[in-house]
Visitor: 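This structure is in structure tokens; I'll ask about it shortly.
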Amino acid sequence: MMNDFLLHSSWLIPFYGLIGALLTLPWSLGIIKRTGPRPAAYINLLMTLLSFIHGSIAFSLIWQGKTQQLVFQWLSVADLDLFLSVELSPVSLGALELITGISLLSQIYALGYMEKDWSLARFFGLMGVFEAALGGIALSDSLLLSYGLLEILTLSTYLLVGFWYAQPLVVTAARDAFLTKRVGDIILLMGLVALSSYGEGLTFSQLENWALTDPVPPLTATLLGLSLIAGPTGKCAQFPLNLWLDEAMEGPNPAGIMRNSIVVSAGAYVLIKLQPVFTLSPIASDVLIVLGTVTAIGASLIAMAQIDIKRALCHSTSAYLGLVFIAVGLGHVDIAFLLVFSHAIAKALLFMSAGSAILTTSDQNITEMGGLWSRMPATTTAFVVGSAGMVALLPMGMFWTWAKWFDGSWNVSLWLLAILVFVNALCAFNLTRIFRSVFLGTPQKKTRRAPEVPWPMAFPMVTLTIFTLIAPLAPIRWPLWLSQVTPVANNDLLVVQWAIPLLIISGLLGCLVGVFRPIRRSWERLANLYLRILQDLFAYDFYLDKVYQFTVVAAVANISRLAAWFDRYVVDGAVNLVSLATIFSGNALKYNVSGQSQFYILTIFIGVSFLLWLMLSGQWSAITEFWSDFLS
């Protein structure tokens with residue numbers, strides 16, 4: 001009886017984080033000051049712990065059970081029927097477990113990282129809203145509900161990136177992150193409205209059946225697919241909406257842990273659920289593949305030229321989410337889920353390790369670090385394990401995910417293998433480069449007396465290190481719940497046979513290049529002009545911000561100036577002309593209001609004479625015809 005209650009009430013789990021955020025308001029608003037902000041953090045931690053325990057029980061109960069759906073009627077007016085649907089399945093509750101687990105560890109980590117921050121209560125309140133929106137997306141089976149929760153997630157991202165709002169750069173980063181996401185959200189809303197008009201009450205679980213039974217015209221299917229791609233493109237920091245994640249690194253690192261592991265995965269999660277729609281249009285599927293390929297390759301090149309440790313790691317987030325886009329475009333839904341899962345755990349651990357190095361050294365520049373391995377063993381171990389979980393290294397999770405991709409159950413091609421080999425090699429090189437610069441070598445001025453982090457930060461790092469080591473169990477035991485297995489073609493057997501060896505070799509090659517590449521410090525520059533040009537091209541994100549400045553931003557600025565000129569001189573000018581005419585006519589007529597009859601008679605005589613002149617000269621008919629046409 002209790003088990004049934006916990007399972008059927010698991011849709012309430014996202015509200016735990018929201019309740020925790022509301023309970024922190026007395027401290028966030030400064031109503032309670034004497035106790036300090038810590039009680040608010042403990043309250044939010046307690047609610048997250050309860051959500052994790054409740055979710056764990058529900059996940060264990062649903063693992064061998066059937067998928068359940070809960071439908072809540074929201075609005076029914078005339079032909080408009082809006083409802084919110086929640087799905088309880090191993091996938092949705094597993095995603096919820098991942099969210100609450102990483103959120104719990106991130107909040108414990110924040111107790112140490114932000115120990116002296118005066119607005120700690122406000123941070124934990126925002127993290128509660130963050131967690132609630134993410135949990136709702138995990139359980140949502142409704143297009144409308146998912147979109148609303150994505151909007152809350154965008155708002156939470158804006159508030160957390162701009163947490164230290166006294167710094168001008170932080171304000172700019174929060175604004176850019178918010179506006180960039182809004183571009184994709186508006187187009188996504190158009191797609192959701194259009195999709196709902198083709199299937200009233202459509203839910204994610206109905207999409208596959210709808211796509212098979214109710215085909216739409218090719219042009220409509222293409223436009224619908226492209227509009228639904230736009231939202232996840234912004235959420236997952238894919239090209240050309242990828243720069244916001246780099247700027248979002250101005251926010252606190254505990255929020256960065258969630259953002260780079262779970263938040264970007266929320267957009268990918270919605271994209272995966274929308275996959276049946278993309279099968280209606282080959283163009284939409286091709287666009288997914290092209291976007292994912294460009295982002296995976298471009299972000300990998302950008303990451304290896306960064307000297308800020310958080311930015312070097314965040315660009316690899318975009319690269320791996322690009323692989324998720326490719327998997328969805330190919331229809332490999334299970335692989336997309338495994339990529340999201342494997343990446344989220346490893347990337348959260350990497351950001352915990354990076355945050356520990358930043359807190360201890362008060363620096364984010366890897367060229368100013370070195371020699372931390374002997375002083376910070378837990379942090380070093382976390383970075384090594386997290387790095388191993390990101391590349392195709394046996395027996396880590398990403399290795400088994402890619403091995404499942406090339407086990408012969410999927411239609412794979414040589415170009416896909418080439419992309420994975422390239423991304424894997426560059427990721428291995430980038431992580432090796434960071435590891436050598438930060439943890440190996442001679443200690444620098446800021447790292448000579450760097451102690452290990454306190455237990456609130458060390459405990460979640462060690463815990464997540466253990467989870468990263470056991471994460472390979474998920475891809476090894478993952479059943480094919482969602483995808484139709486397509487037997488591999490004969491001409492792809494060679495790709496399948498050589499895929500895993502090539503991936504392993506590419507990872508080893510990237511590590512070797514990273515090991516033997518000279519470590520450059522902040523005062524050093526490449527001597528070769530062409531290499532320096534390439535380094536600057538990658539380090540400055542292919543100058544995408546300059547491209548936007550001279551294209552989109554310039555176009556918006558010019559249109560704004562034109563609109564301002566039109567409003568000032570045309571609209572305001574017409575209004576001012578009417579007012580001036582009224583003033584002058586009133587001043588002219590006031591001289592006739594003298595009380596003397598001769599002035600009134602003169603005014604009437606002039607008016608009648610003018611009307612007679614119009615009628616006799618033939619102008620009257622033209623005037624009446626003009627006004628009749630104008631009024632009609």
Side-chain angles (χ1 to χ4, degrees), residues 9-58 95-139 149 152-165 251-263 266 348 351-352 355 359 453-461 463-464:
S9 64
S10 57
W11 64 274
L12 294 170
I13 293 176
F15 288 96
Y16 290 7
L18 187 60
I19 293 172
L22 293 175
L23 293 177
T24 61
L25 286 178
W27 290 270
S28 301
L29 299 176
I31 299 175
I32 299 178
K33 297 180 180 180
R34 298 188 63 179
T35 62
R38 284 238 164 194
Y42 297 147
I43 291 173
N44 211 76
L45 271 171
L46 176 62
M47 298 308 297
T48 303
L49 178 61
L50 292 176
S51 66
F52 179 74
I53 295 173
H54 190 172
S56 300
I57 297 173
L96 183 61
E97 272 296 272
L98 183 65
I99 291 168
T100 55
I102 293 183
S103 177
L104 178 62
L105 294 176
S106 299
Q107 291 181 46
I108 297 174
Y109 184 90
L111 284 177
Y113 190 89
M114 306 183 68
E115 180 181 11
K116 299 179 181 179
D117 199 296
W118 62 274
S119 52
L120 183 67
R122 177 163 58 90
F123 175 80
F124 271 84
L126 293 175
M127 288 288 282
V129 177
F130 222 29
E131 178 190 332
L134 289 167
I137 292 172
L139 297 181
L149 293 170
I152 296 175
L153 197 60
T154 299
L155 176 61
S156 302
T157 299
Y158 169 76
L159 295 174
L160 282 169
V161 173
F163 181 75
W164 291 314
Y165 53 84
N253 190 71
I257 296 171
M258 292 285 291
R259 188 177 302 111
N260 282 269
S261 60
I262 299 299
V263 176
F351 264 86
M352 283 187 181
L359 181 69
V453 292
W455 75 265
M457 298 175 65
F459 172 75
M461 267 200 307
T463 303
L464 201 55

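This chain uses plain numbering: 1 for the first residue, then up along the sequence. This structure is a prediction, so every number in the text was calculated from the model and none was measured.
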Visitor: Kindly compute the distance separating CD (Gln107) from CE (Met47), expressed to the nearest 0.5 Å.
Guide: 11.0 Å
Visitor: Relative to each other, are the rings of Tyr109 and Tyr113 parallel, tilted or perpendicular (30° and 60° limits)?
Guide: parallel
Visitor: Evaluate the side-chain proximity of Leu12 to His54: yes if any heavy-atom separation is below 4.5 Å, no if none is.
Guide: no
Visitor: Identify the heavy atoms of Pro456 and Gly112 that sit nearest to each other, and give their distance.
Guide: CB-N, 3.7 Å
Visitor: Does any part of the side chain of Arg38, heavy atoms only, come nearer than 4.5 Å to the side chain of Leu111, both counted from C-beta?
Guide: yes
Visitor: Rounded to the nearest 0.5 Å, how far apart are CG of Asn44 and CD1 of Ile19?
Guide: 11.0 Å
Visitor: Could you pull out the closest heavy-atom pair between Leu96 and Gly135, with the gap in Å?
Guide: CD1-CA, 3.5 Å
Visitor: Considering all heavy atoms of both residues, which atom of Ala121 and which atom of Pro37 are nearest to each other, and what is their separation?
Guide: N-CB, 3.7 Å
Visitor: If every non-hydrogen atom of Val453 is compared with every non-hydrogen atom of Ala458, which pair is closest and at what distance?
Guide: CG2-N, 4.0 Å
Visitor: Look up atom CD1 in Ile102 and atom CD1 in Ile257, then write down how far apart they are to the nearest 0.5 Å.
Guide: 9.5 Å
Visitor: Hey, are the side chains of Glu131 and Ser51 touching, using non-hydrogen atoms and a 4.5 Å cut-off?
Guide: yes
Visitor: Contact between Met127 and Leu160 at the side-chain level, heavy atoms closer than 4.5 Å - yes or no?
Guide: yes
Visitor: Return each pair, listed once, that meets side chain to side chain donor-acceptor pair (under 3.5 Å) where at least one residue sits in residues 20-32; pairs must be two or more places apart or across chains.
Guide: Trp27-Thr35
Visitor: Roughly how far apart are Ser106 OG and Arg259 CZ, rounded to 0.5 Å?
Guide: 11.0 Å
Visitor: Applying the side-chain contact (heavy atoms from CB on, under 4.5 Å) test to Ser103, which of Thr48, Leu45, Ile262 qualifies?
Guide: Thr48
Visitor: Are the side chains of Asp117 and Trp164 in contact, using a 4.5 Å heavy-atom criterion?
Guide: yes
Visitor: Is there a side-chain contact between Phe123 and Pro252 (heavy atoms, below 4.5 Å)?
Guide: yes
Visitor: If I take atom OG1 from residue Thr154 and atom CG from residue Leu149, how far apart are they, to the nearest 0.5 angstrom?
Guide: 11.0 Å
Visitor: Nearest heavy-atom pair of Pro14 and Ala132: which atoms, and what distance?
Guide: O-CB, 3.2 Å
Visitor: Looking only at side chains, do Glu97 and Ser56 share a donor and an acceptor under 3.5 Å apart?
Guide: yes
Visitor: Could you state the interatomic distance from CG (Leu139) to CG (Leu134), rounded to the nearest 0.5 Å?
Guide: 11.5 Å
Visitor: Would you say CZ of Phe163 has more than 12 non-hydrogen atoms from neighbouring residues, nucleotides or ligands within 6.0 angstrom?
Guide: yes
Visitor: Please determine whether side chain to side chain contact (heavy atoms under 4.5 Å, CB included) holds for the pair Phe52 and Ile13, giving the CA-CA distance in whole Å, both sets of side-chain angles, and the decisive distance to 0.1 Å.
Guide: CA-CA 8 Å; Phe52 179 74; Ile13 293 176; over 6 Å; no
